[in-house]
There are 2 protein chains.
Amino acid sequence: MSLSPREVEPRHPVRIVVQRTGLSADLLRAWEKRYQVVKPHRSPGGQRYYSDIDVNRLRLLQRAVRAGRAISRIAGLSIDELERLVREDDEQGIQREATPATDVAAGAPELFLSNALIATEQLDARALENTLRQAAMRLSADHLLDEVISPLLFTIGSLWHAGRLRPTNEHLATQVIRRVLGWITEVGTSDPRAPAILVATPSGQNHELGAMLVAATASQYGWRVLYLGANLPSDDIAAAAVQARADVVALSIVFPTDDSALPGELLRLKKALPPGVAITVGGSGASSYKSAFEAVGAQYLPGLGQLRRWLRNSHPTPV
Amino acid sequence: MSLSPREVEPRHPVRIVVQRTGLSADLLRAWEKRYQVVKPHRSPGGQRYYSDIDVNRLRLLQRAVRAGRAISRIAGLSIDELERLVREDDEQGIQREATPATDVAAGAPELFLSNALIATEQLDARALENTLRQAAMRLSADHLLDEVISPLLFTIGSLWHAGRLRPTNEHLATQVIRRVLGWITEVGTSDPRAPAILVATPSGQNHELGAMLVAATASQYGWRVLYLGANLPSDDIAAAAVQARADVVALSIVFPTDDSALPGELLRLKKALPPGVAITVGGSGASSYKSAFEAVGAQYLPGLGQLRRWLRNSHPTPV
DNA sequence: GTGATATAGACAACAGTTGGACAGCTGTTG
DNA sequence: CAACAGCTGTCCAACTGTTGTCTATATCAC
């Protein structure tokens, strides 16, 4: 394995590393001072900058410590040795030490995030679900989505792209996140007078987690949510919107970002919908189709923040 | 057998040994003091560190003790002698008796089914979920799966084929059924000693509900279930099976029924799995690949009934 | 200037060690 | 059969080692 310059370049200031590892800044410095676990590059002013390799190393150390290793004993190990050790502990551990139990006291989103990542890596669905459930209890739904689930999805996505995560891990995480999001959505109103939003993903779009985030958010804001999942033809979306008397149709677009059929689909949707029904579009891949949105008067809402504001304005019923 | 440096190196602090052996820290020290069962290395600060060999020895001792041996008598035995002893005791051990699953009084499955269908047609997620939840309360899990959910899936599938149901309806039902099945599966064991089954769908197979039925069933029968969802490459399935120490890999095959790549995938899976791990295959589309199953020694189980029988025979664990 | 980050040292919480006590059993002995 | 002694797992108290966090103060970057 050769190192790409990207990986050795010291690019990450401390706060990023905190976010990605779940270790506190204090602890990072303590480990560095006491055990020389990493030697981050220093800016002229003395600020630390960590490379991808450093971050990776820290994550491995953290996992090993979590598994019961003493930091003093493992600090000197190479990445390879650490990987072997972590793997061994994952496989040999008779009973998974209850990670959540120790974390109950802490309410920091980063901790939930890093626990969730570790559970994902260990293919431990139960631990992952427990972590997210705890996070759900401790954080507001908005914070849960913004600071745990969204970053988790993002990180899993990038780890997966980098080849550091197998599809199995990604599937498992999808599975569990789906359940947790469903749980959030489920709590929502059944009040038939509440405004209704239909959430789906247009034809060709297979990533449904973004749509689930939308559904969960809307449900939090008092909307009646009709969640239909991924990859639906415009006509069917429109028919369902009519049948359920939806006020809004929300679409999530992630990938692909160059589907030439999509603008046409949007147009068909617009035509098939009753005049009063609004269309909103969001998701990380939505920006590529901006002009198509304008053509049908769809509201482009990148990010959950914008979505929230829009939901609030368009129907001011906070929960 | 030569000893690698890895095995004699004192790498494990007590916590790890406790995890791996199930013995308490107190007991470890008591055994050491009284019978010198092991002589762990000491750190400068006096902390104990155990080698792989120590851990192995302790495991054997623990098994022998659990089988009824007196620690004082076996403390001095060599590893070889201990292994022989443990094997002997295992063979003499009494078989656990299988308890047949109890049948709960059956309600009226047809009524649930028709209500569920109506809710599906009306795009009423809440009503559908309530119906299934009621059915789950009233029927045994087996009956729920056999007489409500399976027929519901089948009916929805055929209505959809006949053009009498829109994809929206199907998606909505999928959504809800997924949640209900997840709920059944979730209740399952977390006992790490329970036999483990990995459930997934091979590459190219996108219908995951069959797999979810398998997962729910196995969980009912006391198995530890690792559910990974649809469309996974063999290599990843195998890797996950190793990591989770699965005893069985269960695949569900629905559509397509003429994927020429599938036999090859099965072969790769078989090769990548450890020898002891069984493969089972089921699902409505599985019959098309029978010869491929034979080639890899996979168990062909059409229908949940066969699956249940197989699960029971292969590991008679009462629930 | 303000908010983030740096250092050094203090500190509290926790984990691990030792020696000893103790209670539940088991098998032996009078 | 009762008393006894040995075995065995657990618990405790007092102490030490290890580790994460906190404080005070200074510096950096925008």
Side-chain angles (χ1 to χ4, degrees), chain A residues 10-50 54-55 58-59 61-77 89 97-99 101-108 110-111 114-115, chain B residues 10-50 54-55 58-59 61-77:
Chain A
R11 306 182 293 136
H12 313 295
V14 116
R15 85 195 91 91
I16 297 293
V17 181
V18 167
Q19 207 181 57
R20 295 206 183 167
T21 61
L23 302 166
S24 75
D26 275 327
L27 191 50
L28 286 175
R29 289 189 286 265
W31 279 7
E32 184 186 331
K33 183 163 67 168
R34 293 175 185 160
Y35 319 108
Q36 296 85 45
V37 292
V38 287
K39 285 200 195 67
H41 178 255
R42 298 303 190 106
S43 76
Q47 241 76 352
R48 275 166 251 254
Y49 285 89
Y50 299 80
D54 292 335
V55 174
L58 287 165
R59 286 175 49 78
L61 284 168
Q62 191 215 15
R63 283 178 69 182
V65 165
R66 190 76 60 88
R69 300 282 156 187
I71 182 62
S72 55
R73 306 288 295 193
I74 56 171
L77 269 51
D89 285 342
E97 206 41 47
T99 2
T102 44
D103 299 330
V104 173
E110 299 86 26
L111 249 181
S114 88
N115 282 343
Chain B
R11 307 184 293 138
H12 312 294
V14 276
R15 259 192 285 168
I16 296 287
V17 180
V18 167
Q19 265 181 53
R20 293 197 182 181
T21 61
L23 300 165
S24 76
D26 272 327
L27 192 50
L28 286 174
R29 288 190 287 265
W31 281 7
E32 183 187 332
K33 184 162 64 169
R34 295 174 183 161
Y35 319 107
Q36 297 85 44
V37 291
V38 285
K39 285 199 196 68
H41 176 256
R42 298 304 188 105
S43 77
Q47 240 85 347
R48 272 166 253 252
Y49 285 90
Y50 299 79
D54 292 336
V55 173
L58 287 165
R59 263 185 170 155
L61 285 168
Q62 193 235 15
R63 286 177 65 185
V65 164
R66 216 171 27 192
R69 304 279 161 185
I71 182 62
S72 54
R73 306 298 225 63
I74 57 172
L77 268 51

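These numbers come from the heavy atoms of this one structure, side chains and all, not from hydrogens, waters or symmetry mates. This is a predicted model, so every value here is computed, not measured. By convention in this document, chain letters (A, B, ...) are assigned in the order of the sequence lines, proteins followed by strands, and residues within each chain are numbered from 1.
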- Message: Given Leu28(A), which partner from the list Leu58(A), Asp54(A), Val38(A), Val37(A) fulfils the side chain to side chain contact (heavy atoms under 4.5 Å, CB included) test?
- Response: Leu58(A)
Calculate the interatomic distance between [X] atom [atom1] and [N] atom [atom2]; express it in whole Å.
| X | N | atom1 | atom2 | result |
| --- | --- | --- | --- | --- |
| Ile16(B) | dG16(C) | CD1 | P | 10 Å |
| Gln47(B) | dA15(C) | CD | C1' | 7 Å |
| Arg15(B) | dT17(C) | CZ | C1' | 15 Å |
| Arg29(B) | dG16(C) | CZ | C1' | 6 Å |
| Lys33(A) | dT18(D) | NZ | P | 17 Å |
| Leu28(B) | dT18(C) | CG | P | 12 Å |
| Arg66(B) | dG9(D) | CZ | C1' | 15 Å |
| Arg48(B) | dT18(D) | CZ | C1' | 16 Å |

- Under 3.5 Å, is there a donor-acceptor pair between the Arg69(A) and His12(B) side chains? yes
- Message: Please find the pair of heavy atoms, one from Ser114(A) and one from Thr21(A), that lie closest to each other, and give the distance.
- Response: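 Where Ser114(A) meets Thr21(A) most closely, the heavy atoms are CB-O, 3.2 Å.
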- Closest nucleotide among dT18(D), dT17(C), dA6(C) to the Arg42(B) side chain: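 Taking heavy atoms from C-beta onward, the closest nucleotide is dT17(C).
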- Message: Test your reading of the model: is there a side-chain donor-acceptor pair from Gln62(A) to the backbone of Leu23(A), 3.5 Å cut-off?
- Response: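 Here the side-chain-to-backbone pair does not exist.
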- Message: Given 3.5 Å as the limit, does a donor-acceptor pair link the side chain of Gln19(B) with the main chain of Ala67(A), or not?
- Response: yes
- Task: Kindly say if Ser43(A) contacts the phosphate of dA29(D), meaning a side-chain N or O under 4.0 Å from OP1 or OP2.
- Result: yes
- Note on the structure: Scoring nucleotides 19-25 of chain D by protein non-hydrogen atoms under 4.0 Å (B base, S sugar-phosphate only, - none) yields BBBB---
- Task: Flag this pair as yes if the NZ/CZ of Arg73(A) is under 6.0 angstrom from the six-membered ring centre of Tyr49(B) and inside a 45 degree cone about the axis; otherwise no.
- Result: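 Cation-pi check for Arg73(A) and Tyr49(B): passes.
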